[in-house]
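See structure below.
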Amino acid sequence: MIMTYLEAIADGLRVAMRNDERVFMIGEDIGTYGGAFKLTKGFLEEFGPQRIMDAPISESAIIGAAIGASLNGMRPVAEMQFIDFITNGFNQLVTVAGTTAYRWSLPVPMVVRGPSGGGVGGNPFHSRNPENWFVHATGLKVVCPAFPADAKGLMMSAIRDNDPVIYFEHKGLYRKIKEDVPEGEYYVPLGKARIVRPGKHVSVIAYGSAVHMALEAAATLEAEGLDVEVIDIRSLVPFDEATVLDSVRRTGRAVVAHEAVLTGGFGGEIVARISEKAFTFLDAPVVRVAAFDSPTPFAPTLERAVLPNAGGIADAVRRTAAF
Amino acid sequence: MIMTYLEAIADGLRVAMRNDERVFMIGEDIGTYGGAFKLTKGFLEEFGPQRIMDAPISESAIIGAAIGASLNGMRPVAEMQFIDFITNGFNQLVTVAGTTAYRWSLPVPMVVRGPSGGGVGGNPFHSRNPENWFVHATGLKVVCPAFPADAKGLMMSAIRDNDPVIYFEHKGLYRKIKEDVPEGEYYVPLGKARIVRPGKHVSVIAYGSAVHMALEAAATLEAEGLDVEVIDIRSLVPFDEATVLDSVRRTGRAVVAHEAVLTGGFGGEIVARISEKAFTFLDAPVVRVAAFDSPTPFAPTLERAVLPNAGGIADAVRRTAAF
Amino acid sequence: MAKAKRPQQAPQAPVSSSTLSETERRELLRYMVMAREFDAAMLRLYRQGKAFGGVYSQLGNEAVSVGTAYALDTKADVLFPMHRNIGSHFVFGQDLDTLMVNHLARKGSQMRGTDGTGHYADPAKRIYGNVSHLGAMIPVAAGFVLASKMRGESCVALTYIGDGGAQVGEVHEALNFAAVQRLPLILVIENNQYAYSTPSSLEFACERLSDRALGYGIDGVTIDGTDVELVLATTRKAVERARRGEGPTLIETVTMRMRGHAEHDDFAYVPKAMLEEWAAKDPVERYAERLIADGVMSTESVKQLREETLAHMIAAIDRAVELPWPDAEEAFRNVFMDEVAQ
Amino acid sequence: MAKAKRPQQAPQAPVSSSTLSETERRELLRYMVMAREFDAAMLRLYRQGKAFGGVYSQLGNEAVSVGTAYALDTKADVLFPMHRNIGSHFVFGQDLDTLMVNHLARKGSQMRGTDGTGHYADPAKRIYGNVSHLGAMIPVAAGFVLASKMRGESCVALTYIGDGGAQVGEVHEALNFAAVQRLPLILVIENNQYAYSTPSSLEFACERLSDRALGYGIDGVTIDGTDVELVLATTRKAVERARRGEGPTLIETVTMRMRGHAEHDDFAYVPKAMLEEWAAKDPVERYAERLIADGVMSTESVKQLREETLAHMIAAIDRAVELPWPDAEEAFRNVFMDEVAQ
Ligand SMILES: Cc1ncc(C[n+]2csc(CCOP(=O)(O)OP(=O)(O)O)c2C)c(N)n1
Ligand SMILES: Cc1ncc(C[n+]2csc(CCOP(=O)(O)OP(=O)(O)O)c2C)c(N)n1
Ligand SMILES: [Mg+2]
Ligand SMILES: [Mg+2]
């Protein structure tokens, strides 16, 4: 069935909730209102207020309650109305959720999900891409889907997983990206990258919104005779190093792209792995394309200026190819 | 005067407080008790309870109050009793402090400081090295001194700086490292790396406790005929890319080391910059040495196993040199 | 261990005869009308499809933002407004064009386009706007007046939070800290019955949000937030306490959010009867009627005030909305202050 | 707007004649003695230089941890203890050797050496230990019983926080959430006058920490934390309310921390007179005397109980301390559960 990215996420949640009584959702305005982005529209009617729980504006309590419920046999999915507000529940995630398996050998099967990303005039407080904070926290799995089918399949896998998973949705893709999505149960394993466009000249490694920029760049470059391979990481933790290295070993050239700000981001991690483990295969330096190191500004002129885009990726690929 | 790392930090704070009435400290148990590590011993007596303010156990209030006071003409220094508890004030730092200059063009001259790091049996909640979270937050300066003189000089610069600075002290160095420290006012500029040991075969780029591991490794390797250059980054934001690139361009080989966990850490950033900007100078892949991706365990056998050490750096240098 | 009960509160004398001067009363109405017509003007913009970002109506909250801010010394005190406090900006003397250009994030905005709405700061006007994260600025407001207090200056901070936002942990930490340090901080909890779509019953279980004052050892009171003179009188007492060094006050103002959370929200979840009930208590209409009844204003002068104000608002918006967006280069500046200095 | 006052609380009838059985009373004393002697044994270890990590004395808190935990159904309810609640572990049936090996993080620890002290979890014993970050486990405890409630199971969570830790934002969020959802959660605020070196006057400004209950719409009470039967009776009422679906209760127990924050701390900042005053109210001595006076125990049997308990504790510690540290490889396992499964 053709679904938008948003519909596919909702479908994954719905199927998981239908199949498993232990799954419930907790968040702000997810019930009667159906969520700030209407992602859980109809959920309250189907699952009732106990399983679609409208919570007070208390991100720590929401995440903490999800941890506690998961320690007691449930599989909660906590929504952050915007992923930016995860900073208010940060301690619960990094201090409690991410250390429990290690300390207690007990599963914490929970998902924290919410809209991340910029490009929609969200202002500095509704546009963050904070995934690398959690990559660098230990004990948390981190997922950033770019396509509807993956979004559904990764959601279902995240819910079935026995570790805490932070699931970053990109709000700019919610209604923009559509594709055919398998119905019913559908699982995409965590920790597997996907070559979304095979190519032989340069590997572009990306995730989330940057995958679409990369594909756009690849289409442009095709006309210039450059055959770009685009890899969608999909899951940052666990990270599918093998697929990335294999691609770079074939092409000898790589560009790494993400929407998050450049410095201290996950792009550095990818480059470090490539340059350590595929060094002898590299014919050019690995180049990163990412947001300028600033908060995401509000005015469209400014926001466009700081965020990465297809043009920037295309330029980086050209430079890499020409090296 | 010979001072320990801890004494040098205290001296920097003391001199800054004597010179500038706007400087005050806020934290838990910093007054009567003189701080959990006795770093502020004698401060209450000298500066009084208003400038050495014992606060409730409320990291958000402490950091938030520091932001507010800094917006109103003061230069607060907020102590986290252990830097791990910064997760409870995370939102204030990344959402408010780090975005204020950008949004309001107003200075937020504040320092948040506290003991970080492992190796002393601190358990998973008293051992973190979370500096890269803040590097990746935008608008926050990040300092990680390794030596007493630098610790003092960077502290004084951090207090004089007009931006929020997070100053990571390594608790394992507090009483272990001593050296001659200039008396009175002494400033080490933020954003300048330092070559602590010149060498010609391999560059080791490190910060905090890893600098001492690197020096130990360099001493060992000298006997093997390997001349290692050790660079102490000192300040992660701003980052002195030039000094690092210059060194790597000379040696052609680099190892990057930090005590923080490997994945998603600042090491990736350093490697990415080197491999993008000094690619043609590299004779070997850049290798990272860092902690295993887990919480820092409590038992000494386990803690030793996960943390990086001089031996690990020496091995990495040998491999790099032999490549 | 009986269910904890609220302490006796001094009954609120219905303010039958005003103790305010006619000038003051006219000013109160004028500021409320400004808030009201600002809303109308923004709504018009939204309907024209020219608004960008959220448009948060403050309809029904005029008496709270105006009555509270009017109790302050706008030359010495400091305002940390929230998203439905446009009235407070006017009381603090914010000039309409500056406000609009900031709000709409156009070229010339004090935020250079990095942000919009009421998030701006204008130190000269003693206004420090909010961030989106609810409650995050309350510790900051506390720290601001802590600094004043350290220097022996008299500066009271006035800030706000919603019935929803009051559940954020930082609110607790900030209030407690301010109480311990006896800071001159006034926190107004604007209980307008809803937090986005969430009714109060799902946000908290206490009877009155001012009941929280007891747990901090500070003064707390719950008042009708549609009566501007009551709001003013209550806040004045809080200001006096603050100036006497007696610490923070918590004021819960009870009102109704008369529109959606923002304009995209059709607020279908709000019972119609509730809106009707509160429409009858409209703070602006009622105050206008009262001033007319008291002979302070004429029907005609009220009508004229409203029309002129709306016209002004629309004109200022129209001026602002025609301004260009800030230059893209602004995006790359001022992440750090040393860049500002350059 | 008078300073908010505490609601009238039902006067606490001094428990003159006990309503407990002799067996219950003997058990209460036994658990308190275990807590007391555990302390003594750990102190001995510390003085021998064999302790590794912090040694947090609970001296003076025996009646709180034992009296509260004893009110629960240890087979159905759940314990989220804090760092001075070793007595609760004993009430929940934790076996001495397991406790010690966990505490000292030796080979065989349920935490595999990843952590020590009372941070372990033992689901079979229905104990979920704390993390160092104060207050962080209160939302987790709330979520735990939320899950039970969803499944229609009766499970009350008992957890604790200090007079200092109560200022953490998460405590506010968790209590409010639990109140809204009427969760069976009992939060004991252990007011032992100090938070590390910080006296209560710098932690909060309310008269009683139980005054915070009103602001959540839940029950709250402040009691003498040195009277184990009062603590038990109070907690039993809270448990009954929780089981009836009436939601959380806040119990403030007033005691004194009779030693330093941890053993490295000489607590010179505590006035001697204060310690002397509280020493006279020693919860263990007083209860022992009372049981002797009531003919439930003899002086001799109390003496014997204490000596035997101490000997047991020391023996268990000595066994544990001789165990090797866990193997280094443990460090590389279980970061994720799929590794556990492997
Ligand atoms: C910490 C945080 N969580 C969630 C949000 C998203 N959010 C914005 S406004 C709002 C509702 C606010 O309700 P209330 O505090 O009652 O204020 P009102 O809008 O009714 O004036 C929510 C949930 C936020 N801004 N900050
Ligand atoms: C969030 C947080 N901040 C700071 C600390 C450091 N710390 C550990 S115990 C303690 C004092 C606790 O006092 P209290 O809550 O009264 O408990 P008590 O030790 O007196 O039983 C402090 C400040 C911490 N563990 N967690
Ligand atoms: Mg509201
Ligand atoms: Mg205490």
Side-chain angles (χ1 to χ4, degrees), chain A residues 26-38 40 44 49 52-64 80-82 84-92 118 120-128 261 263 291-307, chain C residues 52-54 104-107 109 111-117 119 130-136 161-171 194-205 260-262 264-270 324-336 339:
Chain A
I26 180 168
E28 295 154 15
D29 306 295
I30 62 173
T32 315
Y33 196 66
F37 289 87
K38 299 287 178 193
T40 51
L44 179 70
I52 301 296
M53 183 173 284
D54 270 331
I57 304 179
S58 296
E59 282 77 9
S60 291
I62 291 170
I63 296 173
M80 302 284 101
Q81 194 161 85
F82 284 82
D84 307 64
F85 306 133
I86 207 166
T87 54
N88 284 44
F90 193 75
N91 185 52
Q92 286 293 322
V120 299
N123 92 14
F125 311 108
H126 293 83
S127 308
R128 267 206 205 258
V261 295
T263 303
F292 174 70
D293 288 331
S294 73
T296 308
F298 173 72
T301 38
L302 277 66
E303 190 179 24
R304 259 196 309 274
V306 300
L307 292 183
Chain C
F52 175 71
L104 299 176
R106 299 310 156 104
K107 190 161 181 160
S109 157
M111 292 188 288
R112 311 175 300 111
T114 62
D115 203 355
T117 72
H119 286 188
N130 61 309
V131 299
S132 301
H133 291 56
L134 298 165
I161 192 74
D163 46 287
Q167 319 318 321
V168 172
E170 287 165 315
V171 181
Y194 281 87
Y196 209 147
S197 73
T198 306
S200 292
S201 59
L202 288 175
E203 287 289 348
F204 55 85
H261 172 60
H264 67 269
D265 167 13
D266 68 5
F267 56 118
Y269 48 82
V270 178
W325 293 110
D327 297 337
E329 301 88 76
E330 290 295 347
F332 303 108
R333 295 177 44 213
N334 290 23
V335 175
F336 291 108
E339 299 162 8

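Only a predicted model underlies this, so the values are computations on that prediction, with no experimental measurement involved. Just so you know, these numbers use all the heavy atoms, side chains as well, and skip hydrogens, waters and symmetry mates.
Residues passing the side chain to side chain contact (heavy atoms under 4.5 Å, CB included) test with A:S58, sequence neighbours excluded: A:P56, A:A61, C:Q167, D:E173. Checked against side-chain hydrogen bond (donor to acceptor under 3.5 Å, both in side chains), A:D29 has the following partners two or more places apart in sequence or in another chain: A:Q81, C:S197, C:T198.
In this structure, chain C has a heavy atom under 4.5 Å from the backbone of A:T296, while its side chain stays farther away. Within the 4.5 angstrom heavy-atom criterion, atoms from both the backbone and the side chain of A:S294 approach chain C. With a 4.5 angstrom heavy-atom cutoff, C:E329 does not touch chain A via any of its atoms. With a threshold of 4.5 angstrom between heavy atoms, C:R112 approaches chain A through N, CA, C or O but not through any side-chain atom. Proximity to chain A (any heavy atom under 4.5 Å) is shown, for C:F332, by both the backbone and the side chain. Of the two parts of A:D293, only the backbone, made up of N, CA, C and O, holds a non-hydrogen atom closer than 4.5 Å to a non-hydrogen atom of chain C. Only the side chain of C:H119 comes within contact range of chain A, with heavy atoms under 4.5 Å apart. The contact between A:F85 and chain C is made by backbone and side chain atoms together, counting heavy-atom distances below 4.5 Å.
Taking the six-membered ring where tryptophan is involved, the planes of A:F82 and A:H126 are perpendicular, since the angle between them exceeds 60° and thus also 30°.
For the set C:D265, C:T117, C:D327, C:L134, the count of heavy-atom pairs under 4.5 angstrom toward chain A peaks at C:D265. Taking chain A as the reference chain and counting heavy-atom pairs below 4.5 Å, the highest number among C:F267, C:Y269, C:F52 is found for C:F52.
A 4.5 Å side-chain heavy-atom check between C:E170 and A:N88 finds at least one atom pair inside the cut-off. You'll find the side chain of A:D54 reaches within 4.5 Å of the side chain of A:I30, heavy atoms only. A:F125 has its side chain out of reach of A:F298: every pair of non-hydrogen atoms, C-beta onward, lies at least 4.5 Å apart.
A:T87 places a side-chain N or O within donor-acceptor distance of the main-chain N or O of A:D84, the cut-off being under 3.5 Å.
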